[in-house]
2 protein chains.
Amino acid sequence: MTSDTEHGNRPLRADAERNRGRIVEAAREVFAAHGLAASLDDVARTAGVGIGTLYRRFPTKEALLSAVFDQVVVEITDEVDRHAANQDPWAGLVALITDVLQRQSGDRGVFEICTKADFGHLERISAHYVPAVEALITRAKAAGQVRADVTGTDIGPVIVMLSAVGDATRAADPQLWRRYLALVLDGIRAPGVSPLHPNRVSHTELMAAISSSRV
Amino acid sequence: MTSDTEHGNRPLRADAERNRGRIVEAAREVFAAHGLAASLDDVARTAGVGIGTLYRRFPTKEALLSAVFDQVVVEITDEVDRHAANQDPWAGLVALITDVLQRQSGDRGVFEICTKADFGHLERISAHYVPAVEALITRAKAAGQVRADVTGTDIGPVIVMLSAVGDATRAADPQLWRRYLALVLDGIRAPGVSPLHPNRVSHTELMAAISSSRV
DNA sequence: GTAGAAGCGGAGGGAACACCTCCGCTTCTG
DNA sequence: CAGAAGCGGAGGTGTTCCCTCCGCTTCTAC
């Protein structure tokens, strides 16, 4: 955010640096509202600069996405690691799911970098997410907090599910997803009642499936 | 499907009638795979006819959508009414949710006519769906089968949620949504554990929100 | 103050993709 | 077998992207 150079070389002129900041800020807003497919013309308009200015600073769309989301990825992975370290595994799991959803609800850009493989952020996130969730689920099951037939690979789909309901109901009530989170948590909690359809799908297969859906 | 006239007037020539059938069938397939935004060129190609032939028979995209989905809407509303009449309200509710999801999982076209207001099918469906679900929930709560803090307006979001997970995990395992259905059903079942975020949103508001999401 | 480097805006090129029209040619039917 | 009906698909029109180019403006170092 506060980098005052372009590629670590010559510092930018003051007005250029100011515009760069505006562009990143506008991109964040626009991607949050319309997803990563939003047009760069839209970003430039929101930033109040010409499209040429945007492209001089960020030669490709991907460069802009990096500038906007690299920091967010670090925040998310830190958060995930922190929750994994929670002494109470159930509390950690709930906090992890809640935090991820809170970030995603209301920010379609974040949602998409977490679920679409297109731009490489997903890999970095899942490298932290997968072991964290596996450890939490194992510990929570050992403590009798989570039903025995739930696995670590179920949490990804649970997040997708709640994220979808958050998106769908946002216009009616932006916090309504919390209601369905509570419902689903009650479903995950021990002891289960309904028998579960078997889940023989790996994290890797799930990631691939999720990021390829709704093309 | 077996209509052998265009607007109830002169019957079509045999080859034209044959092509009309192929077009409707191809449209069903293409919309199922790619959603209602799929292009009519794609439909024509799949049907093995020229784009001109398609447009002569269906002057607008909407006419084709009607030909494809009007019957589906009737089937859905019949199904919904039938489940509402189930003596065991819990069994009826589960069957209703399962049937809707079964139809939607694997058919993006059906999913979209059920959730997007664009083409007017949603209204016809919800005219049956809303009273059916309200009656089932009321009866199921009276029988102690559903937790007291769940309402009729929760079932729509639940379907959206499971439909999203079905879509996301389809490539990994097309039946995996059943696993999360069981999880959610356990969450809906009486007695609840986690307190639910209040739901002060009407069916109408929810429909509007859902059909306007992911524009 | 000023020269010139740095930066700026936005028209527009090029590509992709959608819906739909038109018309010369083909096929069916009475 | 005549002529009505139907056919195909090139192409018109429109939209929406990403990105380039270049004449003009603004900043900054001296």
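We name chains A, B, ... by the order of the sequence lines, and we start the count at 1 in each one.
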Student: Using a strict 4.0 Å threshold on nitrogen-to-oxygen distance, state whether A:Asp107 and A:Arg28 make a salt bridge.
Tutor: yes

Student: Answer yes or no: is there an ion pair linking A:Arg179 with B:Asp149, defined by an N-O contact shorter than 4.0 Å?
Tutor: no

Student: Sugar-phosphate means primed atoms, P, OP1 and OP2; the rest is base. With that split, encode nucleotides 23-30 of chain C 5' to 3' as B, S or - using protein heavy atoms under 4.0 Å.
Tutor: ----BSS-

Student: Whole angstrom is fine here: how far is it from CG in A:Asp41 over to C1' in C:dG12?
Tutor: 12 Å

Student: With no hydrogens and no angle check, do the side chains of A:Asn19 and A:Thr53 hold a donor and an acceptor under 3.5 Å apart?
Tutor: no

Student: Atom CG of B:Leu54 and atom P of C:dT21: how far apart are they, to the nearest Å?
Tutor: 12 Å

Student: In whole Å, I'd like the distance from the CG atom of B:Leu65 to the C1' atom of C:dA18.
Tutor: 14 Å

Student: Could you check whether B:Asp78 and B:His128, counting side-chain N and O atoms only, form a donor-acceptor pair closer than 3.5 Å?
Tutor: no

Student: Quickly work out the A:Arg45 CZ to D:dT16 P distance and round it to whole Å.
Tutor: 11 Å

Student: What is the separation between atom CD on A:Glu62 and atom C1' on D:dC18, rounded to the nearest whole Å?
Tutor: 14 Å

Student: When you measure from the side-chain N and O atoms of A:Arg57 to the phosphate of C:dC8, is any distance below 4.0 Å, counting only OP1 and OP2?
Tutor: yes

Student: Atom OG of B:Ser163 and atom CD of B:Glu112: how far apart are they, to the nearest 0.5 Å?
Tutor: 10.0 Å

Student: Rounded to whole Å, how long is the line connecting atom CG of B:Leu64 with atom C1' of C:dC20?
Tutor: 14 Å

Student: Within a strict 4.5 Å, meaning less than it, do heavy atoms of the A:Met207 and A:Ile210 side chains meet?
Tutor: no

Student: Examine C:dG7: is either OP1 or OP2 under 4.0 Å from a nitrogen or oxygen in the side chain of A:Asn19? Give yes or no.
Tutor: no

Student: Please tell me which of the listed nucleotides, C:dG7, C:dG10, C:dC19, lies nearest to the side chain of A:Ile51?
Tutor: C:dG10

Student: Quick one: is C:dC17 close enough that its OP1 or OP2 comes under 4.0 Å of any side-chain N or O from B:Ser39?
Tutor: no

Student: Would you mind reading off the distance between B:Tyr55 atom OH and D:dG11 atom C1', rounded to a whole angstrom?
Tutor: 14 Å

Student: What is the distance, to the nearest angstrom, from the NZ atom on B:Lys61 to the P atom on C:dT21?
Tutor: 15 Å

Student: Are A:Asp15 and A:Arg20 close enough for a salt bridge, meaning some N to O gap below 4.0 Å?
Tutor: no

Student: Considering just the side-chain nitrogens and oxygens of A:Thr53, establish if one lies under 4.0 Å of OP1 or OP2 belonging to C:dG9.
Tutor: yes

